[in-house]
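Below: one structure, written as structure tokens.
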Amino acid sequence: MTQYAPRPPSRVFGIDPGLTRCGLGVVEGVPGRPPTLVAVGVVRTDADEHIAARLLAIEEEIERWLTESRPDTVAVERVFSQHNVRTVMGTAQAGAVAIVCAARRGLPVTLHTPSEVKAAVTGSGRADKDQVTAMVMRLLRMSAPPRPADAADALALAICHLWRAPALKARQPPARPAKPTASTASTASTASTASTASTASTASTSAESATPVVGGAR
């Protein structure tokens with residue numbers, strides 16, 4: 001009977017972006033099994049502060065979490081259209097900060113929509129926040145709900161990505177070989193021409209040295 005090596009656990013850092021409250025959650029585990037809670041929290045910024053200061057505070061806290069939790073990958077909620085444009089802009093800005101922090105460390109980043117997260121955690125893409133929080137508590141064996149709701153959403157993001165990662169990887173098209181550029185083609189042509197000329201020159205020299213001298217030197 002063939003023995004299969006167990007899949008090593010993966011650590012996912014879920015980020016529910018927001019300017020006033022940015023949810024952060026880290027879980028560890030393997031697809032198909034209940035994950036383990038590593039850390040959960042939230043970054044808060046004052047609405048009266050300048051946008052630059054608020055984004056900097058979020059960036060510094062995310063960097064600290066990345067250093068302490070050392071995740072294998074990062075999952076960020078994908079921003080979708082809302083009626084409140086100001087809220088959408090703030091969420092998008094906080095999400096961009098999270099993506100940049102992960103990219104700076106070479107960590108892969110995946111975006112998940114709220115409906116994808118709800119479907120992965122509860123089985124329904126239309127589940128409400130209470131249902132998501134209840135399932136997060138059950139899966140992570142938590143005795144109390146994570147507060148505020150942004151923290152629960154961050155954990156749900158991490159769980160969603162942990163379970164969906166194999167399917168997402170399978171959907172990726174195989175890498176195609178790079179097409180030769182004009183510069184590459186020119187270099188190859190030049191190299192081929194030079195090689196041909198060198199071969200011809202060598203053959204000519206060999207022929208001249210092999211030709212006997214009639215009569216000898218006088």
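Any value given below was found using the heavy atoms of this structure, including those in side chains, with hydrogens, waters and symmetry copies removed. Throughout, residue positions are numbered sequentially from 1 according to the sequence presented.
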Check: Taking a hydrophobic cluster as the set of Ile, Leu, Val, Met, Phe, Trp and Tyr residues connected by side-chain heavy atoms closer than 4.5 Å, whether directly or through intermediates, do L140 and L24 fall within one such cluster?
Finding: no
Checklist line | Distance-minimising heavy-atom pair for P9 and D72 | finding: O-OD2, 4.3 Å
Check: Are any side-chain N or O atoms of D46 and backbone N or O atoms of E49, one a donor and one an acceptor, separated by less than 3.5 Å?
Finding: no
Next item on the list: Please round to the nearest 0.5 Å and tell me the distance separating atom SG of C22 and atom CZ of R54.
Entry: 11.5 Å
Next item on the list: Measure from the side-chain N and O atoms of E68 to the backbone N and O of W65, and report whether any donor-acceptor pair falls under 3.5 Å.
Entry: no
Notebook entry, point to check: Atom CD1 in I99, atom CG in L107: separation rounded to 0.5 Å?
Noted result: 13.0 Å
Notebook entry, point to check: Between C101 and E59, is a side-chain contact (heavy atoms from CB on, under 4.5 Å) present by the stated rule, with each step listed?
Noted result: CA-CA 7 Å; C101 288; E59 188 265 349; 3.6 Å; yes
Next item on the list: Would you check if the side chain of S115 reaches a backbone N or O of G125 as a donor-acceptor pair within less than 3.5 Å?
Entry: no
Note to self: If I take atom CG from residue D130 and atom CE from residue M135, how far apart are they, to the nearest 0.5 angstrom?
What the structure shows: 14.0 Å
Next item on the list: Taking R11 for its side chain and S69 for its backbone only, find out whether a donor-acceptor pair lies under 3.5 Å.
Entry: yes
Notebook entry, point to check: Where is the tightest heavy-atom contact between A144 and M137, given as atom of each residue plus distance?
Noted result: C-CE, 3.7 Å
Notebook entry, point to check: Any chance CZ of R141 has more than 12 other-residue heavy atoms, nucleotides or ligands included, within less than 6.0 Å?
Noted result: yes
Next item on the list: State yes or no: do V74 and L157 share one hydrophobic cluster built from I, L, V, M, F, W and Y residues joined by side-chain heavy-atom distances below 4.5 Å, directly or via other members?
Entry: no
Margin query: Testing the basics here: between G95 and P17, what is the closest heavy-atom pair and its distance to 0.1 Å?
Written below: N-CB, 3.4 Å
Check: Could R64 and E60 be called an ion pair, given the rule that one side-chain N must be under 4.0 Å from one carboxylate O?
Finding: no
Notebook entry, point to check: Under 4.5 Å between any side-chain heavy atoms of I62 and F13, yes or no?
Noted result: yes
Checklist line | Side-chain heavy atoms of T73 within contact of H161, under 4.5 Å | finding: yes
Checklist line | Any donor-acceptor N or O pair under 3.5 Å, side chains R105, T67 | finding: yes
Notebook entry, point to check: Would R104 and E63 count as a salt bridge (Lys or Arg N to Asp or Glu O under 4.0 Å) if you check the C-alpha gap in whole Å, the side-chain angles of each, and the deciding distance to 0.1 Å?
Noted result: CA-CA 10 Å; R104 184 183 295 134; E63 285 288 352; 2.3 Å; yes
Margin query: Quick check: is V76 connected to V136 through a chain of hydrophobic side chains (ILVMFWY, heavy atoms under 4.5 Å apart)?
Written below: no
Checklist line | Which atom of A151 lies closest to which atom of P146, heavy atoms considered | finding: CB-CB, 4.2 Å
Item checked: Contact summary for A102 and L66, nearest pair of heavy atoms -> N-CD1, 4.3 Å
Note to self: Walk me through whether R21 and D16 qualify under salt bridge (Lys or Arg N to Asp or Glu O under 4.0 Å).
What the structure shows: CA-CA 9 Å; R21 294 184 306 273; D16 180 41; over 6 Å; no
Next item on the list: Enter the distance from T36:OG1 to L162:CG here, rounded to the nearest 0.5 Å.
Entry: 9.5 Å
Note to self: What's the separation between atom CG in L19 and atom CG in L55, rounded to the nearest 0.5 Å?
What the structure shows: 5.5 Å
Checklist line | Nearest non-hydrogen partners of W163 and P35, listed with the distance | finding: CZ2-CD, 4.0 Å
Notebook entry, point to check: Do the side chain of E61 and the main chain of I58 share a donor and acceptor less than 3.5 angstrom apart?
Noted result: no
Item checked: R164 CZ to I159 CD1 distance, which is reported to the nearest 0.5 Å -> 14.0 Å
Item checked: Hphob cluster co-occupancy, L155 + V12, side-chain heavy atoms under 4.5 angstrom -> yes
Check: Would you say V117 and V109 are hydrophobically clustered, going by side-chain heavy atoms of ILVMFWY under 4.5 Å?
Finding: no
Notebook entry, point to check: Can S124 and T122 be said to form a side chain to side chain donor-acceptor pair (under 3.5 Å), step by step?
Noted result: CA-CA 5 Å; S124 172; T122 70; 5.1 Å; no
